[in-house]
Amino acid sequence: MSLFLDTSLLFLMLFYCFSSTVSSSHSSSSCQLQRQFHLNGMHKPGDVILGGIFRLHFYPAYPDLPFTSEPQQPTCYGFDVMGFRHAQTMAFAIDEINRNSNLLPNVTLGYSLYDNCVQLGIGFRAALTLVSGQEEQVTLEENCVGTPPVLGIVGESSSTRTIAISTVLGLYRVPLVSYFATCSCLSDRQKFPSFFRTIPSDAFQVNAMIQILKHFGWTWAGLIIGEGDYGFNAARSFHADLGPAGGGCLAYTEILPWGYDPAEVTRVVEVVKKSTARVVIVFAHESIMFNLMKEVVRQNVTGLLWMASEAWTSGTSLQTPHFMQYLGGTLGIAIRRGEIPGLSDFLLKVRPELNYTTTNGNSMVNQFWEHTFQCRFAPPPAGWVEAGGELCTGQEVIENVETEFLDVSDLRQEYNVYKAVYALAYALDDLLQCEPGRGPFSNNTCAHLQRLEPWQLMYYLEKVNFMTTFGDQVTFDENGDALPVYDIMNWVWLPDGTTKVQRVGEVKRSAFKGEELTLDEDKIFWNFESKQPPRSVCSESCPPGTRMARKKGEPECCFDCVPCSEGKISNTTDSMECTSCPEDFWSSPQRDHCVPKKTEFLSYHEPLGICLTTTSLLGTCICVVVLGIFIHHRSTPIVRANNSELSFQLLVSLKFCFLCSLLFIGRPKLWTCQLRHAAFGISFVLCVSCILVKTMVVLAVFRASKPGGESSLKWFGAVQQRGTVLVLTSVQAAICTAWLISASPVPHKNTQYHSDKIVYECAVGSTVGFAVLLGYIGLLAVLSCLLAFLARNLPDSFNEAKLITFSMLIFCAVWVAFVPAYISSPGKYADAVEVFAILASSFGLLVALFGPKCYIILLRPERNTKKAIMGRGTES
């Protein structure tokens, strides 16, 4: 509100001045200044005058305004030695340029420097005085009489005052080169067309702080700003840049007023104290930070790392033992430190004017002298001598006084002033080097020193490019900003209680490498017991194997770590999403990488596979033994009476049945998939065909034993038996061939049963083919069972139909149970069920058909005679 009122009053004043000038021009040949300002200043004549606005006092005292008499102008108090050193740096730079024969030869620069007293209104007065002059009357003749207006101004030090002053000066394109105004809003070329600066904008300062936060992994920080454009624009930059791209969040943003408000300061410190953020960024001026730290000390808020903006990084009022217990280890952004050779000697030569008066405008040096030596120049104020005060002689020796005015070891703002003066000088030098007919202005004209306009200097100032003696490049971009560079400072609390502010790095932007952060971490003092950087995060980083899940209603840096689901992984820290593994891979137990899926098939090396393999080989061996027994006793009645050739064929087919089960064990391959069902189907059809023919032979023999039935045997001779078996087996072979040709079984990687496993199995290819194969076997088995059931009561001497009936019942029961068990069994267990059905039915046939005969042959040989067999038939 105060800024608005001051600005409004200024424009009313300008309008009144200009209207008075126009009206008076109709009646006279001269212009009368409406008001002459009495300002603290310092001047030097020259061919070209450069202006400067500096802070020489800390605060003004405004007189009462009854408006019954001419209002008195404000008086400034609290001399600022550092501000005076800034002004003297400008004077030194101009003096150095005048002594340089290579820069602005034959042109003498002068200066007019004024005090702003840290007030916008007084700063406005200084700016208007510089652009209009201080002559009370200007004669309107061919050549105007009076102090020539300045071509450029160095200043201001405050962003708020600079915004207001630059808005007005921009209307007339008067260059304003600031050495300390950092507000990023001043980079708006539409609003501030004539503004330049040699200090980086707050946008870069904010970015520099964000880079430091990222470097140490501080993703959770608090922000405290001072009231005003300086803090507000910084807060906007932080909220815009410290997001997903910046990799951090602000725990809170608090505003401290300019004036001391104990209740508000207490509330802010309470917020800081309760927050989990261990890093606190303060973007405010030194006086505001001083008020804040008094409350921090009162509440004893420790364990924090403070980050300082350039406004208080070098603040000596905060570097006291009282505060350093809390501020030790502070990391701050500081203006680039430079070296200015010759400045120290120049400052030592500063001398007051003995003919000093309060109205001649050269009051700066004398006020500095009075402040430094605590004396007064004649005539002294009333009562000064009576009170014991001393009079200044001008012969005092400044080296004998301890003053920071002479300390040139840490030139930061002074270095920016120095660069600003040289930027204006180089621009003016380029302007004067213009060749007639090749100039940049209309009709290729050049500017002339006698008729030089400020806007003409603007053209060259935008293109200025030079190197300082310290090695820094000075040039301005399209927004009037210089190449930014900041020093990173660290507050060290020494054991003896003293404080040292040391440089530990820098952050800069170059035309070729972009932004660079350099830190010497070994030099950084950490004010913690661990002597290590603090940890400042809202939520700990999510390790690989988890993903970030934001907490509802909280900043992005506050999240939960959710483990990746099965089959998904995250192999980076703080992953937003989990990625699915490829089809043949699965997530590791830690969910941080994909591993090949476990493969599952009925293996020879697992217990189930070993048992089935052993059983299969055992059945094969038993078949071989039984076959050997039958061959050895092939001439005995029991072997001959039961059709020995079919018995041999049946034993061979059973051996194939046992062996074919081995094709279902082991990793499926194309040939095993194609062969397993074909071998199984043909082997069992051969076996069942032999049983069927055996049953038919029994029936034929029984019929032939009756009168008139001898002719039935001619259809069941040895050739017919072999042919029947061959034909029945050939049908199954044809079914298998058609199946393999049309839709052959192939190895298949099945992931439907288990997500984390690959089940290797043989896809049947054609379900119809597999069903026909099983159906044909079932048809022969049922037919054999029916025939054997019909012949179960025939005389024993011709009959093994009971054994066939029993064996086929076992066979059918096994395979009827097989179908549902096979369908419901996943993966390798389906193969195990099929192998078990093959082995169970094979053993059923082997034991039921050949067990009793082997018993008689081996254990009851007395019954292995034709008489005994016939006798059994007679008895029955």
Side-chain angles (χ1 to χ4, degrees), residues 37-44 50-61 73-96 110-119 122-123 125-126 129 154-157 179-180 314 316-317 340 342-381 384 389-415 417-418 421:
F37 301 124
H38 300 300
L39 301 167
N40 299 315
M42 187 170 69
H43 307 278
K44 180 180 180 179
L50 299 182
I53 304 175
F54 299 94
R55 184 182 71 183
L56 271 297
H57 291 84
F58 288 114
Y59 55 90
Q73 296 191 29
T75 305
C76 296
Y77 294 94
F79 193 82
D80 183 3
V81 175
M82 298 302 295
F84 180 66
R85 191 168 75 185
H86 299 160
Q88 286 296 325
T89 302
M90 181 170 178
F92 165 76
I94 290 177
D95 182 69
E96 187 178 64
Y111 55 78
S112 288
L113 314 181
Y114 288 113
D115 177 16
N116 63 24
C117 204
V118 201
Q119 287 296 317
I122 298 176
R125 290 180 173 93
T129 299
V154 176
E156 260 260 14
S157 59
Y179 59 92
F180 205 56
S314 303
T316 55
S317 64
I340 307 177
L343 178 61
S344 178
D345 294 336
F346 182 83
L347 297 179
L348 288 171
K349 296 176 182 177
V350 171
R351 289 293 182 272
E353 293 184 8
L354 296 180
N355 59 346
Y356 158 73
T357 65
T358 59
T359 59
N360 66 358
N362 281 313
S363 57
M364 276 191 187
V365 177
N366 293 62
Q367 289 177 349
F368 163 72
W369 208 261
E370 289 180 343
H371 170 79
T372 302
F373 295 101
Q374 294 297 302
C375 61
R376 294 294 181 268
F377 284 98
W384 175 261
E390 296 183 1
L391 293 178
C392 299
T393 64
Q395 302 302 315
E396 291 84 358
V397 181
I398 195 170
E399 293 96 322
N400 296 337
V401 180
E402 185 177 345
T403 173
E404 58 184 346
F405 174 70
L406 300 176
D407 182 8
V408 294
S409 62
D410 192 36
L411 301 176
R412 298 185 185 276
Q413 294 186 40
E414 294 84 354
Y415 188 48
V417 172
Y418 184 77
V421 174

**OP:** Before giving the answer on side chain to side chain contact (heavy atoms under 4.5 Å, CB included), spell out for N40 and Q367 the whole-Å C-alpha distance, their side-chain angles and the decisive distance to 0.1 Å.
**Re:** CA-CA 9 Å; N40 299 315; Q367 289 177 349; 2.8 Å; yes

**OP:** Under the side chain to side chain contact (heavy atoms under 4.5 Å, CB included) rule, what do E96 and V421 come out as? Steps first, then yes or no, please.
**Re:** CA-CA 11 Å; E96 187 178 64; V421 174; over 6 Å; no

Subject >> Candidate pair F54 and Y179, rule ring-ring contact (aromatic ring centres under 6.0 Å, His included), full reasoning >> reply: CA-CA 10 Å; F54 299 94; Y179 59 92; 5.4 Å; yes

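For E399, the CD atom sits in a packed shell: over 12 heavy atoms of surrounding residues, nucleotides or ligands are nearer than 6.0 Å.
Of all heavy-atom pairs spanning Y111 and I94, the tightest one is CB-CD1, 3.5 Å. Here the closest non-hydrogen pair linking P352 and G394 is CG-CA, 3.8 Å.
How far CH2 of W384 is from SG of C375: 7.5 Å, rounded to the nearest 0.5 Å. Here M90 contributes atom CE and S112 contributes atom OG; the two are 8.5 Å apart, rounded to the nearest 0.5 Å. To the nearest 0.5 angstrom, L113 atom CG is 8.0 Å from Q88 atom CD.
Applying the salt bridge (Lys or Arg N to Asp or Glu O under 4.0 Å) test to every pair with at least one member in residues 403-413, sequence neighbours left out, gives these pairs: D410-R412, R412-D487. Note on residues 371-381: no pairs pass salt bridge (Lys or Arg N to Asp or Glu O under 4.0 Å), not counting sequence neighbours. Within the structure, the side-chain hydrogen bond (donor to acceptor under 3.5 Å, both in side chains) test picks out the following pairs touching residues 74-85 (sequence neighbours left out): R55-D80, R85-E414.
In terms of the side-chain hydrogen bond (donor to acceptor under 3.5 Å, both in side chains) criterion, residue partners of E396 (sequence neighbours excluded) are, by chain and number, W369, T393. For E156, the side-chain hydrogen bond (donor to acceptor under 3.5 Å, both in side chains) test picks out N116, R161, with sequence neighbours left out.
Counting heavy atoms from C-beta outward, I398 and F405 have side chains that approach closer than 4.5 Å. When side chains are defined from C-beta on, L39 counts as touching I122, because their heavy atoms get closer than 4.5 Å. In this structure, the side chains of V417 and Y415 stay at 4.5 Å or more apart for every pair of heavy atoms. Residues V401 and T372 meet the side-chain proximity criterion, which asks for heavy atoms closer than 4.5 Å. Counting only heavy atoms from C-beta outward, the side chains of D115 and C76 approach each other to under 4.5 Å. Side-chain contact check for Y418 versus F92: some heavy-atom pair is nearer than 4.5 Å. Between Q119 and P74, every side-chain heavy-atom pair lies at or beyond the 4.5 Å cut-off. The side-chain heavy atoms of V154 and L50, taken from C-beta on, include no pair separated by under 4.5 Å.
Using a 30° and 60° split on the angle between ring planes, F368 and F84 fall in the parallel class, below 30°.
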N/O donor to acceptor pairs below 3.5 angstrom from side-chain atoms of residues 344-351, sequence neighbours left out:
residue : atom : partner : partner atom : Å
R351    : NH1  : L348    : O            : 3.2

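Y114 and H43 have their aromatic ring centers within a separation under 6.0 angstrom.
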